[in-house]
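Note sheet for the following structure.
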Amino acid sequence: MASSPILTTSLPQKQLTTSSSSAAGFRLPPPEKLAVLLDKSESVDLVKQIHAAILRRNLFLHPYHPVLNLKLHRAYASHGKIHHSLSLIHQTIDPDLFLFSAAINTASTNGLRDQAFLLYFQLLSSETVPNEFTFSSILKSCSTQSVKAVHTHVLKFGLGLDPYVATGLVDVYARGGGDVVSAQKVFDRMPERSIVSSTAMITCYAKQGNVEAARALFERVPETERDIVSWNVMIDGYAQHGFPCEALMLFRELLAKGRPKPDEITVVATLSACSQIGALESGRWIHVFIKRSRIRVNVKVCTALIDMYSKCGSLEEAVSVFNDAPRKDVVAWNAMIAGYAVHGYSQDALRLFDEMQGTAGLQPTDITFVATLQACAHAGLVEEGVRMFESMGQEYGIKPKIEHYGCLVSLLGRAGRLKQAYEIIKNMEMEADSVIWSSLLGSCKLRGDFVLGKEITEYLIRRNITNSGTYVLLSNMYASVSDYEGVAKVRSLMKEKTIVKEPGVSAIEVDDRVHEFRAGDRNHLQSKEIYTMVRKMSERIKSCGYVPDTDAVLQDLEETEKEESLEVHSERLAIAYGLISTKPGSPLRIFKNLRVCSDCHTVTKLISKITGRKIVMRDRNRFHHFVDGSCSCGDFCGPCKRRTDQILSDWSKKGKAGIWSRSCTA
DNA sequence: GTGAGTTGTT
């Protein structure tokens, strides 16, 4: 195998040392001394000097010193000189098993999978017998495809029960698609399980989303053996598979136990859980905790903080972390750009996009473009967005993914260019998913293009690529043109196909606890007070001229029942709870898993006006900042804005402003 | 003289 050209010039060469050591006037240290020097060498230059010395000594130490060769390999690798380190094996005649295994390990841990396999094959053909070290190293380079062959070799050499090899196998089976069956087979046969092998198996379960199995195994590990990695895997497993509350609870449990000490990874996983449920107070607490403990604020921790603050509704704090970050990589920039975009600060997002390439000298990635296109879509910057989309391929050589097409379709759709958006979906090189269709359908509803909307929906139902949202949108479209037969038809279709509308859940964090509400929920301890407040809110806004928009209600109900069903939408329960449990004038932060319905959007604007409260609401799509009767999203639907404006103008004529805040928030 | 499990952005 040929070594890389840089190596032959930058590594000391044998031919440079033509004379013996005595001729150069030095007495070379003995091999043992050189080995010690290599182990504690602090610079590459020193390693190179020692390397040169070893080569000189080789003149009378033949063939070569295998231990020194190995130490040299490790010294180069530890200074990040991977290619120097690997080229040593190519310059060695008949490398021994130690050097082979070490080199395979270096290649594997540095992502040079092909190199690792070439070395492995070279080893096999050299009649050297691989051992457990070799396999634990080569397994790190295995994919789900190649693992079967290597597993066979493992069995052939009788190493299937070695704890390191078996752990490696479990780890590979857990990666990629995740072959739990094979992973479990290996794991079950292990005569002795260490915390490391159990953690590999827990990871495998967690990656499958089987958090119950993961937790069960985690609980089986004796408490004294659980190290921080196993806690991290479990916390992150919850956080990444739809159990953010469990992740936070487990983090609290870890703190209560006092050991092991949380590290950078623990806080990144926990912050991600906070972002998902909008637990701002918990997120802030963790930020303080990081500052107080010895946790390094590295770029990943910074990014997790930026993401947490922006997703929890505090863009200001996200910006402050971003500005103070000592080092920012493209991921950190992406998180900040996405933060601006989701809050509707589109100009700032675009400014950052320029700064990132200018002062910071970083190249945008496909994710940067998702964020910037979203910024354009949220602000209705159609021309900028289209230009951005085109430049992505033309100037940056980034192939658009379905997410980018999604932004483009939403951008054009919202602007009323429905036909053009439709054409884009039809001409994409990939299959459209339900997300992109829902976006176009939403625009059809927004723009009142019932004909196109109906055509698309029927096509989707025929092709069976629907989600519950498709049916809801279709029903809403029928309702908006008062076609109640159509509404009934959709309803029976949903019943027939047993499609259940995804339940809307709204959450609000009060006193470091997250309170969740579903529509009509009566599970909360203060349910009685909450409903009293809900009714009070309805009376107030109705007395100001608000009329419920019952078209948004899908169920077959009488008009008054429809009103009642709107009244107890999850976001209204969350707002009511916020009003009775926080100080007057303090902002409310509400989080919803679905998009806020247009009626609730109107109502929330009115409540913000009457109570003088700022209400920040995060829905599936973006943030809405309700202040003094208007919303930062610029009202995603026309009728909604007209309704609110009318109500507010009539109301101020009656001179009723301010009553609410005195009577209801004391 | 060699080896194991965990982390961020849509």
Side-chain angles (χ1 to χ4, degrees), chain A residues 31-32 35 38-39 65-74 77 96-106 108-109 130-140 159 162-172 174-175 187 193-204 206-207 227-237 239-240 262-272 275 298-308 310-311 329-339 341-342 364-375 401-404 406-407 435 621:
Chain A
E32 305 73 49
L38 274 174
D39 280 344
H65 201 297
V67 177
L68 277 182
N69 221 12
L70 186 72
K71 295 246 177 201
L72 202 49
H73 169 91
R74 273 168 53 111
D96 66 0
L97 181 58
F98 286 91
L99 187 58
F100 262 126
S101 298
I104 291 172
N105 191 46
T106 303
S108 286
T109 43
N131 66 2
E132 61 271 35
F133 289 88
T134 322
F135 284 111
S136 82
S137 301
I138 192 63
L139 277 167
K140 285 189 249 175
L159 296 165
D162 178 84
Y164 286 82
V165 177
T167 306
L169 282 167
V170 173
D171 176 47
V172 185
R175 279 202 297 259
F187 183 71
R193 292 171 195 164
S194 65
I195 179 64
V196 181
S197 56
S198 295
T199 305
M201 196 61 227
I202 294 171
T203 312
C204 184
K207 276 196 181 141
D227 63 3
I228 193 60
V229 180
S230 58
W231 282 88
N232 290 349
V233 166
M234 200 56 238
I235 293 173
D236 190 56
Q240 302 308 318
D263 64 4
E264 290 77 24
I265 296 171
T266 325
V267 295
V268 169
T270 314
L271 286 170
S272 158
S275 326
N298 62 22
V299 67
K300 286 184 178 181
V301 172
C302 274
T303 306
L305 283 167
I306 293 166
D307 184 53
M308 181 277 294
S310 71
K311 283 189 181 158
D329 62 4
V330 66
V331 184
W333 283 84
N334 287 351
M336 195 62 249
I337 295 174
V342 81
T365 65
D366 58 332
I367 289 162
T368 320
F369 281 100
V370 174
T372 45
L373 285 169
Q374 217 168 40
K401 291 187 182 169
I402 190 120
E403 296 93 322
H404 302 104
C407 293
V435 178
N621 222 23

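Lettering follows sequence order; numbering is per chain, from 1. Values below: all heavy atoms of this structure, side chains included; hydrogens, waters and symmetry mates excluded.
Within the nucleic acid shown, Leu271(A) has no heavy atom closer than 4.0 Å to any nucleic acid atom. Among the heavy atoms of the strands lying under 4.0 Å from Asp162(A) is at least one base atom, whether or not backbone atoms are also near. Lys140(A) comes within 4.0 angstrom of sugar-phosphate atoms only, judged by non-hydrogen atoms across all strands, and of no base. Within 4.0 Å (heavy atoms only), Thr368(A) reaches no atom of the nucleic acid at all. Contact annotation for Asp263(A): no contact, since no heavy-atom pair falls under 4.0 Å across all strands. Glu132(A) comes within contact range of at least one nucleobase, with a heavy-atom separation under 4.0 Å. Using a 4.0 Å heavy-atom distance criterion, Asp366(A) is classed as making no nucleic acid contact. Nucleic acid contact class of Val331(A) (heavy atoms, under 4.0 Å, all strands): base.
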Subject >> side-chain hydrogen bond (donor to acceptor under 3.5 Å, both in side chains) between Asn105(A) and Ser108(A), worked out >> reply: CA-CA 5 Å; Asn105(A) 191 46; Ser108(A) 286; 5.8 Å; no
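Atom C1' of nucleotide dT2(B) and atom CG of Asp96(A) are separated by 10 Å, given to the nearest angstrom. Rounded to whole Å, atom P of dT2(B) lies 15 Å from atom CG of Leu72(A). As rounded to whole Å, 14 Å separates atom P of dA4(B) from atom CG of Asn131(A). Rounding to whole angstrom units, CD1 of residue Ile306(A) and P of dT10(B) are separated by 12 Å.
Lacking a ring centre under 5.5 Å from that of the base six-membered ring together with a plane angle below 30°, Phe98(A) does not count as stacked on dT2(B).
Taking 4.5 Å as the limit, some side-chain heavy atom of Phe135(A) sits within range of a side-chain heavy atom of Pro130(A). Looking at heavy atoms from C-beta onward, Thr203(A) lies in side-chain contact with Thr199(A) at the 4.5 angstrom threshold. Here the side chains of Ile367(A) and Glu403(A) are not in contact, with every heavy-atom distance at 4.5 Å or above.
One cannot find a donor-acceptor pair under 3.5 Å joining the base of dG5(B) and the side-chain atoms of Asn232(A). Taking 3.5 Å as the limit, the base of dG5(B) and the side chain of Asp227(A) contain a donor-acceptor pair of atoms between them. Scanning atom types as modelled, no donor and acceptor separated by under 3.5 angstrom connect the side chain of Asn69(A) and the base of dG1(B).
Taking 4.0 angstrom as the limit, Lys311(A) places none of its side-chain polar atoms (N or O) nearer than this to OP1 or OP2 of dG8(B). Between Arg74(A) and dG1(B) there is no side-chain polar atom (N or O) within less than 4.0 angstrom of OP1 or OP2.
Rounding to the nearest 0.5 Å gives a distance of 11.0 Å between OG of Ser310(A) and CG of Leu305(A).
Picking from dT7(B), dG5(B), dT9(B) the nucleotide with the shortest atom distance to the side chain of Asp236(A) gives dT7(B).
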